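I have placed the structure first, in the form of structure tokens, so that the comments after it can refer back to it.
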Amino acid sequence: MDHQPDSPQSNPPPWRVSRRQWREQYLSEHRPPWWPENEEWPPKRRHWRNLRGRNPFLQRLGCAFAAFNLFSIVFLAALVALVLNALGIIHVSLPQFQWLAPLGGIFFAFVISMVVLAGLNLRRMSMPLDDLLDASNKIAEGDYSTRVDERGPREVRSLVRAFNSMAERLQINDQQRRAMLADVSHELRTPLTIIRGNVEGILDGVYPADETRLKSILEETQVLSKLVEDLRTLSLAESGALQLKREPTDLVSLIRETVAAFQSQADATGLKIETSFSKNELSLEIDPERIRQVLTNLLSNALRYSPGGGVVKIRLTESDLSPEGHVVVSVEDSGPGIASADLPHVFDRFYKSADSRGMGLGLSIAKYIVEAHGGDIKAESEAGRGTKISFSLPR
């Protein structure tokens, strides 16, 4: 039987596998357990062409170094030729080296210029780098208020600018962490104190174990449960582990159910809730519990800041101003509004205005949930004219 050659698609024999193919196969079969799941393994090698233009300072330094080496090679070659000619090893007529004198002068002037420029650039670089080193030591010791003046070459200024931005973020995160610990301890202390006082009073016979007392204890446990759930949701969202259970959901019915849950609270404070829908039914592929959480946070804020006799408006629209294929849900209150200085930060975690009575988690959680659905959320407000929070969801 005639031997048929292997097809190009067939696997080559082990002795014909190149080193590169063997390496790729080995790496693909030995993925380290610590490698992130969402990153490709094995990582692709960067080609040198992809790195061009990323470090202009190093490129200029390399060009200067290459020119210096070229002049050095030419000058040394001519000098060696003169020495060999003087020793009689080679015979070269001196007129051929008439160009050596001007070349030597040019080379000497070039070397002097390079030394002077290198000294000046080194001084320009070393001073801000020394400041950067001192600032980094202060940051390592916990002084996040340290900043470095932007000076020196363009690349060094860019490095200093990035360092200052990092230090500012660290300072903000540290301030938010301290505020969070204070707020969490305060929010936990109040319901725990009420629960402990009621339970001790019941055990000592001071308070009767009636429905009113037990209902008060249950309400405080619900406050604790909501706080813990908010912190858990925030930690999942920030770590990228927030999972959505999408299913076909009638958004109109979901909004009506959420409004019905707040109707008794609105009636107790004399508030009116108005709803407006562009359609009676609108089915979306969303996580109903998470979107209900967004609506709950927005409605609770609107009711909390609206004065007695005010109006809270909820609208579901498909405006031409919204992105194609999106629906927009807006919650508008008649409260005092948000100050212009606080408006850009309302969705930051643990950010609270001076008159805020919460922990600064509700809007931040709402932002994470909406963005996880592929939507967007924004706030509009004017002092004395209420606040409008709108979020869009893809259809």
Side-chain angles (χ1 to χ4, degrees), residues 168 172 175-176 179-180 183 187 226 230 233-234 237-238 251 254-256 258-259 261-263 265-278 290-323 326-394:
E168 183 178 2
I172 293 175
Q175 293 173 352
Q176 290 179 344
M180 180 201 69
D183 291 339
E187 294 293 333
K226 184 180 184 303
D230 287 346
T233 302
L234 185 64
E238 290 187 338
L251 185 58
L254 183 63
I255 294 176
R256 286 173 175 167
T258 308
V259 170
F262 283 90
Q263 192 62 54
Q265 178 182 347
D267 295 339
T269 55
L271 292 172
K272 182 179 179 181
I273 301 179
E274 296 181 355
T275 58
S276 175
F277 307 107
S278 60
R290 293 299 183 185
I291 297 300
R292 187 192 304 273
Q293 187 176 3
V294 173
L295 294 170
T296 299
N297 288 337
L298 299 184
L299 271 173
S300 60
N301 285 340
L303 294 176
R304 182 184 301 119
Y305 291 103
S306 294
V311 179
V312 174
K313 301 177 182 180
I314 302 177
R315 290 187 176 90
L316 173 62
T317 61
E318 296 175 281
S319 173
D320 296 335
L321 299 178
S322 64
H326 283 61
V327 296
V328 179
V329 180
S330 62
V331 178
E332 183 177 0
D333 61 44
S334 54
I338 302 174
S340 57
D342 296 326
L343 190 60
H345 306 285
V346 293
F347 295 107
D348 295 346
R349 58 189 177 98
F350 306 117
Y351 185 85
K352 300 190 306 178
S353 60
D355 57 345
S356 177
R357 286 165 282 178
M359 284 191 59
L361 296 178
L363 291 180
S364 179
I365 292 174
K367 180 176 182 293
Y368 280 119
I369 294 176
V370 171
E371 291 181 349
H373 280 81
D376 189 22
I377 188 170
K378 63 179 181 179
E380 304 174 38
S381 181
E382 293 184 14
R385 297 187 177 183
T387 302
K388 180 180 179 181
I389 308 292
S390 304
F391 67 92
S392 62
L393 295 173

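Just so it is clear, the structure is predicted and the values come from calculations on it, not from any experiment.
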Exercise for the section: Working to the nearest 0.5 Å, report the span between CD1 of I365 and CG of N297. Expected result: 6.0 Å

Practice task
Starting from the C-alpha separation in whole Å, work towards a yes-or-no answer on side-chain contact (heavy atoms from CB on, under 4.5 Å) for L251 and V327.
Solution key: CA-CA 10 Å; L251 185 58; V327 296; 4.2 Å; yes

Practice task
Give the minimum heavy-atom separation between V370 and S392, together with the two atoms involved.
Solution key: CG1-O, 3.7 Å

Problem - Side-chain touch T233/Q293, heavy atoms, less than 4.5 angstrom - result: yes

Exercise for the section: For S381 and G386, indicate whether the former's side chain and the latter's backbone hold a donor-acceptor pair under 3.5 Å. Expected result: yes

Problem - Heavy-atom side-chain contact between Y305 and T387 under 4.5 Å - result: no

Handout entry: Check against side-chain contact (heavy atoms from CB on, under 4.5 Å), L295 and V329
Key = CA-CA 9 Å; L295 294 170; V329 180; 4.0 Å; yes

Exercise for the section: Provide the closest heavy-atom pair for S306 versus L271 in the form atom of the first, atom of the second, distance. Expected result: CB-CD2, 3.8 Å

Exercise for the section: Please indicate whether R385 has more than 12 foreign heavy atoms, meaning atoms of other residues, nucleotides or ligands, lying under 6.0 Å from its CZ. Expected result: no

Problem - S390 to S330 - nearest heavy-atom pair and separation - result: OG-CB, 3.4 Å

Completion exercise
On a heavy-atom basis, the closest approach of I338 and L343 is CG2-N, 3.9 Å

Exercise for the section: State which residues pass side chain to side chain contact (heavy atoms under 4.5 Å, CB included) with E274; sequence neighbours excluded, sorted by chain then number. Expected result: K272, V311, K313

Exercise for the section: Measure the spacing between CG of L254 and CZ of R256 and express it to the nearest 0.5 Å. Expected result: 11.5 Å

Exercise for the section: Check step by step if side chain to side chain donor-acceptor pair (under 3.5 Å) holds for Q263 and D267. Expected result: CA-CA 6 Å; Q263 192 62 54; D267 295 339; 3.1 Å; yes

Exercise for the section: Give, for atom CD1 of I314 and atom CG of L298, the distance between the pair rounded to the nearest 0.5 Å. Expected result: 9.0 Å

Exercise for the section: Please report the closest heavy-atom contact between I369 and H373, naming both atoms and the distance. Expected result: O-ND1, 2.9 Å

Practice task
Carefully, step by step, assess D333 and R304 under the rule side-chain contact (heavy atoms from CB on, under 4.5 Å).
Solution key: CA-CA 9 Å; D333 61 44; R304 182 184 301 119; over 6 Å; no

Handout entry: Criterion side-chain contact (heavy atoms from CB on, under 4.5 Å) on V331 and F391, from CA distance to verdict
Key = CA-CA 9 Å; V331 178; F391 67 92; 5.5 Å; no

Problem - Closest contact, heavy atoms only, G310 versus S334 - result: CA-OG, 3.4 Å

